[in-house]
Amino acid sequence: MSTTYTIDTATSRATPTPAPMKRLTIPAIRARKGREPLVMLTAYTVRMAQLLDPHCDLLLVGDSLGQVIYGLPSTIPVTLEMMAAHGAAVVRGSYHAVVVIDMPFGSYETSPEVAFESAAYLLKETGAAAVKLEGGAAMAPTVRFLVERGIPVMGHIGLTPQAVNILGGYGARGRTQAEATKILDDARAIDQAGAFGIVIEGVVEPIAVEATRTIDCPTIGIGASAQCDGQVLVIDDMLGMFDRTPRFVKRFDDLAGRISAAVQTYADEVRSRAFPGPEQTYAPKD
Ligand code: KIV
């Protein structure tokens, strides 16, 4: 029984009536290969989804929410239930972008059947259109299994954060010939398995360019190349919510600084009794 997602035919943001605009579709995203770059950002909450939706083609409910929202040390402890709750919020807050939900570590690796159950749960609970999973050639049979059963899949290769314990850190991949060859093989395998797009994360630029040139589905770069078919960033990173950001992140704002300044002003006004003022208090009726 769904607890996080209910269709209200009068007001649902997933299928609002009347529809303010048509939600983008997976075939429309696929058709953007080699055309206008795809704009993708992560979103985890309803209000942020509302703000990002008009500007984005894709919203990713990334398992980066483990660190960004929950303060966890990595994405590994993230659960299906966490993804479902935030996924439902993002769908409720959007009606234009395609919403993609990350499959968390441990929810899809053991077999294609387990992956199908997890992906079906996420789509039913949230109303999202697609899932994303990490991994290269080894995950290709799973990608094919899901796609053939009606679940659109976005791949994620190169630096795959769920494999941090194998990789030994979050450094860029593909610096040796062997690694470069493996990443390109992974891109081809996931593409041929039917993924509608592939995130290429943290790789040396020529690999991202070569993968983009040689596979059929759009590539979405993060720490990859401007030549990819689209770009994705973690929203809190690009808004400047953290003191330290990885090299590949451009800070488009200093939201942490601006929040801090606003809260300092609030604290000063509370302490000086300047807030609340007459505009924020209720006068008795005459
Ligand atoms: O979890 C996430 O936010 C991601 C993006 C960084 C691609 O996978």
Side-chain angles (χ1 to χ4, degrees), residues 29 37-45 48-49 52 56-80 82-87 89-90 97-109 118-119 122 126 128 130-136 139 143 152-164 167 169-173 183 186-187 190 195-203 208 211-212 217-225 228-239 241-242 244-252:
I29 297 295
L38 290 159
V39 178
M40 185 173 184
L41 282 169
T42 66
Y44 317 108
T45 60
M48 190 58 87
L52 306 187
C56 291
D57 302 303
L58 297 132
L59 292 177
L60 172 64
V61 187
D63 62 353
S64 50
L65 63 75
Q67 291 115 311
V68 174
I69 303 286
Y70 291 93
L72 295 167
S74 72
T75 55
I76 290 178
V78 173
T79 65
L80 269 175
M82 288 156 91
M83 298 309 301
H86 289 273
V90 169
V98 166
V99 178
V100 181
I101 306 206
D102 258 340
M103 301 192 67
F105 179 70
S107 72
Y108 63 95
E109 300 88 336
S118 301
L122 286 177
T126 65
V131 295
K132 175 165 85 56
L133 57 81
E134 295 184 10
M139 293 313 300
V143 172
V153 180
M154 177 171 275
H156 184 156
I157 61 166
L159 170 58
T160 47
Q162 291 176 10
V164 62
L167 301 177
Y170 296 103
R173 313 295 300 162
I183 294 166
D186 286 344
I190 297 297
F196 73 95
I198 302 180
V199 168
I200 302 183
E201 177 168 357
V203 300
T212 301
C217 71
T219 58
I220 314 281
I222 174 166
S225 170
C228 288
D229 299 298
Q231 301 295 324
V232 61
L233 283 176
V234 168
I235 184 66
D236 294 61
D237 282 343
M238 64 85 81
L239 290 177
M241 284 292 281
F242 299 113
R244 255 193 54 241
T245 46
R247 174 194 157 87
F248 57 81
V249 172
K250 178 171 173 185
R251 293 164 69 114
F252 289 82

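Every number for a ligand or one of its atoms is a count from 1 in the order of the listing.
Between G62 and Y44, the shortest heavy-atom contact is O-CE2, 3.5 Å. Residues Q162 and I76 approach most closely at O-CD1, 3.8 Å, considering heavy atoms. Taking both residues in full, the closest heavy atoms of P104 and T79 are given as CG-C, 3.7 Å, listed atom of the first, atom of the second, then distance.
Contact annotation for D102 and ligand 1: only side-chain heavy atoms (C-beta onward) come within less than 4.0 Å of the ligand. When non-hydrogen atoms are compared, ligand 1 lies under 4.0 Å from the side chain of I222 (C-beta onward) but not from its backbone. Using a 4.0 Å cut-off between heavy atoms, D63 contacts ligand 1 through both its backbone and its side chain.
The contact set between ligand 1 and S64, taken as ligand atoms under 4.0 Å from a residue heavy atom, comprises 1 (O), 2 (C), 3 (O). Ligand-side atoms of ligand 1 in range of G62: 1 (O), 2 (C), 3 (O), range being under 4.0 angstrom from any heavy atom. Each of the following atoms of ligand 1 lies closer than 4.0 Å to a heavy atom of K132: 4 (C), 8 (O). Residue T42 has at least one heavy-atom neighbour below 4.0 Å for each of these atoms of ligand 1: 3 (O).
Taking CG of D57 as the reference point, atom CG of L41 lies at 10.5 Å (rounded to 0.5 Å). For the atom pair I101 CD1 and S118 OG, the distance stands at 12.5 Å (nearest 0.5 Å).
The N/O atoms of E201, backbone and side chain alike, include none that comes under 3.5 Å of an N/O atom in ligand 1.
At a threshold of 4.5 Å between non-hydrogen side-chain atoms, the residues M83 and V131 do not count as touching. Looking only at side-chain heavy atoms (C-beta outward), E134 and D63 come within less than 4.5 Å of each other.
The residue from L159, L60, L41 that puts a heavy atom closest to atom 5 (C) of ligand 1 is L60.
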